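In what follows, a single structure is set out as structure tokens and then discussed.
Please read all numbers here as calculations on a predicted model, not as lab measurements. Proteins come first, then strands; the chains are lettered A, B, ... in the order of their sequence lines, and each starts at number 1.
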2 protein chains.
Amino acid sequence: MAATKVGGKGMEANFHAGSDSSFCKPTCLPEQCATCNVRHLSICGALEEDELGALASITSFVELTGRDPITAEGEAADYLFNVTRGAVELYKLLPDGRRQITGFLFAGDFLGIALNDSYAYSAEAVGGVSLCRFPRKKLEGLLDRFPKLERRLLNVASNELVQAQDQMLLLGRKTAKEKVCSFLVRLSDRAGERGDDPNTIYVPMSRSDIGDYLGLTTETVSRNFTQLKTTGVIRLLEGGMVHIPDLGTLRDLTEES
Amino acid sequence: MAATKVGGKGMEANFHAGSDSSFCKPTCLPEQCATCNVRHLSICGALEEDELGALASITSFVELTGRDPITAEGEAADYLFNVTRGAVELYKLLPDGRRQITGFLFAGDFLGIALNDSYAYSAEAVGGVSLCRFPRKKLEGLLDRFPKLERRLLNVASNELVQAQDQMLLLGRKTAKEKVCSFLVRLSDRAGERGDDPNTIYVPMSRSDIGDYLGLTTETVSRNFTQLKTTGVIRLLEGGMVHIPDLGTLRDLTEES
DNA sequence: CGGCCGGTTGACAATGGTCAACAAGCGTGG
DNA sequence: CCACGCTTGTTGACCATTGTCAACCGGCCG
């Protein structure tokens with residue numbers, strides 16, 4: 001796949017405008033929305049069925065693979081996104097290449113709150129990802145029409161800020177072991193929220209991604225994983241799955257309230 | 001001064017409701033708003049003069065000294081605030097007492113975006129502070145009436161998220177020296193934005209506060225300050241003032257783009 | 001088959017933390 | 001007015017956690 005950014009001019013072949021869906025009245029939803037299983041989780045959930053058409057009409061549907069870039073830090077923020085499948089990582093770089101991943105996004109998450117005209121971070125796909133892409137100007141126009149949508153965005157921003165505070169506490173004050181355990185607990189909590197088994201979590205990201213998220217090196221992450229493994233707190237399964245026999249034990253190691 | 005929180009039941013003697021200002025029509029602004037010099041910077045700036053009365057009517061004006069608490073992490077978020085004078089610090093604690101300061105607020109800043117029913121962090125005054133206090137429910141009511149206000153809050157949240165990303169990069173990936181220099185540069189930038197001299201900045205917080213903000217110990221902060229002092233990058237003046245002869249040199253030490 | 005990538009492990013180093021002593025400033029109370 | 005104690009900041013000696021560098025393993029893909 002080409003390494004063109006989704007926000008840029010390329011990849012036009014990779015997505016289809018919502019209005020493309022042939023003989024469909026404006027109020028009729030494109031197939032992607034009709035079958036979307038994270039609609040109630042995402043910002044779309046703020047709108048009623050009959051209002052959703054307006055949002056859908058400005059939406060393009062994007063499919064990504066591998067490590068396709070989505071946004072680049074500092075670039076004009078012309079598009080905002082909804083993740084409907086897969087995982088996305090957000091990161092910032094220092095000039096010498098040091099990287100800090102500021103967050104992972106999953107299905108239902110919104111990408112593009114943290115910006116003032118230009119993106120505050122780069123975003124790239126981790127494996128297969130589906131996105132809804134909204135032109136920023138047009139989305140802002142919809143905010144005027146649907147205050148409910150704006151309220152929802154404010155809630156999203158609020159929640160992201162709460163998460164950001166937690167992450168600052170983790171980065172600034174937790175030990176390597178506490179960081180790794182907190183990370184696993186968070187993935188487990190999210191799995192639970194999605195209705196998945198919180199004791200068997202999917203960890204799609206590499207050790208180096210985890211390190212860059214927790215402010216550690218890959219080696220330290222790896223060492224802590226093996227230590228948790230040998231002490232029986234976790235079991236590493238096939239395909240990036242991790243089994244946690246006793247969440248209480250793991251949670252005790254995070255030092256969280 | 002009593003250690004009662006401003007969000008709680010105490011301190012009623014310390015503030016005056018905006019509507020107290022005697023024979024004043026609802027549209028007439030209380031003295032505090034009329035003379036407020038950060039109105040255009042704060043969320044109030046989103047409203048026209050004639051709309052401000054509605055906001056003022058739900059506002060209480062609070063004066064704090066010393067280390068008075070404003071909010072406590074986990075507590076019901078019944079009030080939101082505007083800082084109109086002084087400095088406020090926001091922090092989170094681990095059960096064993098480790099502390100992470102997630103941000104400092106100054107005049108014009110809004111306090112209370114990062115919440116979902118309960119405050120995500122504790123907030124306390126650093127020295128003398130003046131606040132405008134809004135009951136959350138009533139403020140939310142105003143958001144329905146004034147979409148401009150909601151838009152402004154979304155912008156505030158957006159900016160805070162951008163800052164939070166920067167702080168994560170700092171906490172996770174910068175060295176002690178880079179952290180301290182970044183901190184000074186930020187204070188200098190803010191001084192410049194306020195129209196103050198960016199070469200002579202006011203650092204009102206203690207070494208321990210700075211350490212808890214940067215994920216360092218007081219000793220490491222102190223050592224880095226003296227190193228910057230002996231290499232001539234900064235000069236420590238009276239009353240917490242710091243002189244920076246050459247901002248370029250300092251900026252080079254932050255490793256920022 | 002061979003090279004590359006991701007993960008693991010080991011030896012060692014260094015950044016930053018811990019512990020302790022000390023100085024300066026400041027308010028309190030004799 | 002001075003002595004005292006408390007807090008804050010500074011500095012030093014030492015140490016530990018985590019980073020660095022390197023080797024190695026296994027899987028995957030060309």
Side-chain angles (χ1 to χ4, degrees), chain A residues 1 65-67 87 89 94 96-101 126-127 170-184 202-231 234-242 253 255, chain B residues 1 65-67 89 94 96-101 126-127 170-184 203-231 234-242 253 255:
Chain A
M1 153 134 346
T65 58
R67 291 216 153 256
E89 63 185 34
L94 287 173
D96 63 2
R98 279 174 287 173
R99 184 175 73 144
Q100 177 66 40
I101 293 185
V126 184
L170 178 147
L171 290 170
R173 287 300 179 213
K174 289 194 181 178
T175 65
K177 190 170 186 179
E178 288 166 354
K179 285 176 176 180
V180 171
C181 294
S182 299
F183 173 70
L184 292 172
Y202 177 46
V203 184
M205 51 293 275
S206 69
R207 295 288 180 269
S208 137
D209 285 346
I210 299 172
D212 284 351
Y213 180 55
L214 301 178
L216 301 170
T217 59
T218 60
E219 292 94 331
T220 304
V221 173
S222 184
R223 275 187 253 270
N224 278 281
F225 265 89
T226 50
Q227 204 204 325
L228 288 173
K229 196 175 57 182
T230 55
T231 53
I234 62 171
R235 268 192 315 136
L236 302 183
L237 311 178
E238 308 267 279
M241 301 299 297
V242 175
L253 295 171
E255 272 301 305
Chain B
M1 153 128 354
T65 58
R67 291 219 153 254
E89 64 185 33
L94 288 174
D96 63 2
R98 279 173 287 172
R99 184 175 71 145
Q100 177 66 41
I101 293 185
V126 184
L170 178 145
L171 290 170
R173 287 301 179 214
K174 289 194 181 180
T175 65
K177 191 171 186 180
E178 287 165 354
K179 286 176 176 181
V180 171
C181 294
S182 299
F183 173 70
L184 292 173
V203 184
M205 52 294 274
S206 69
R207 295 287 179 268
S208 137
D209 285 346
I210 299 172
D212 284 350
Y213 180 54
L214 301 177
L216 301 170
T217 58
T218 59
E219 292 94 331
T220 303
V221 173
S222 185
R223 275 186 254 271
N224 278 281
F225 266 89
T226 50
Q227 204 205 326
L228 289 172
K229 195 174 59 182
T230 54
T231 53
I234 62 171
R235 268 192 315 135
L236 302 184
L237 311 177
E238 309 268 277
M241 301 301 296
V242 175
L253 294 172
E255 274 299 306

Contact state string [nucleotides 14-30 of chain D, B base, S sugar-phosphate only, - no protein heavy atom under 4.0 Å]: ----SSBB---------
Whole angstrom value for the distance that separates [atom2] of [N] from [atom1] of [X]:
| X | N | atom1 | atom2 | value |
| --- | --- | --- | --- | --- |
| B:Glu178 | C:dT15 | CD | C1' | 12 Å |
| A:Phe225 | C:dT9 | CZ | C1' | 16 Å |
| B:Arg207 | C:dG25 | CZ | P | 14 Å |
| B:Asp209 | D:dG9 | CG | P | 8 Å |
| B:Met205 | D:dT8 | CE | C1' | 16 Å |
| B:Asp212 | D:dT8 | CG | P | 12 Å |
| A:Gln227 | C:dT8 | CD | P | 13 Å |

Listed once per pair and sorted, the salt bridge (Lys or Arg N to Asp or Glu O under 4.0 Å) pairs that draw on residues 212-222 of chain B, sequence neighbours left out: A:Arg173-B:Asp212, B:Arg99-B:Asp212
Axis deviation across the helix from C:dC1-D:dG30 to C:dG30-D:dC1, five-pair ends, to the nearest 10°: 30°
B:Ile101 side, atom CD1; B:Glu89 side, atom CD - distance, nearest 0.5 Å: 4.0 Å
Distance in Å, A:Asp209 CG paired with A:Arg67 CZ, rounded so as to fall on 0.5 Å steps: 4.5 Å
Heavy-atom closest pair, residues B:Leu170 and B:Ser182: CD1-CB, 3.7 Å
Nearest heavy-atom neighbours spanning A:Leu216 and A:Ala176: CD2-CB, 3.9 Å
Heavy-atom check, side chain of A:Arg98 versus side chain of B:Thr175, under 4.5 Å: yes
Side-chain heavy atoms of B:Thr220 within contact of B:Leu214, under 4.5 Å: no
5′-ward residue of the pair B:Arg67/B:Thr226 relative to DNA chain D: B:Arg67
A:Glu178 side chain vs A:Leu253 backbone, donor-acceptor pair below 3.5 Å: no
Test item: B:Thr231 side-chain N/O and B:Gln227 main-chain N/O as donor-acceptor pair under 3.5 Å: yes
Under 4.0 angstrom between B:Thr218 side-chain N/O and D:dT8 OP1 or OP2: no
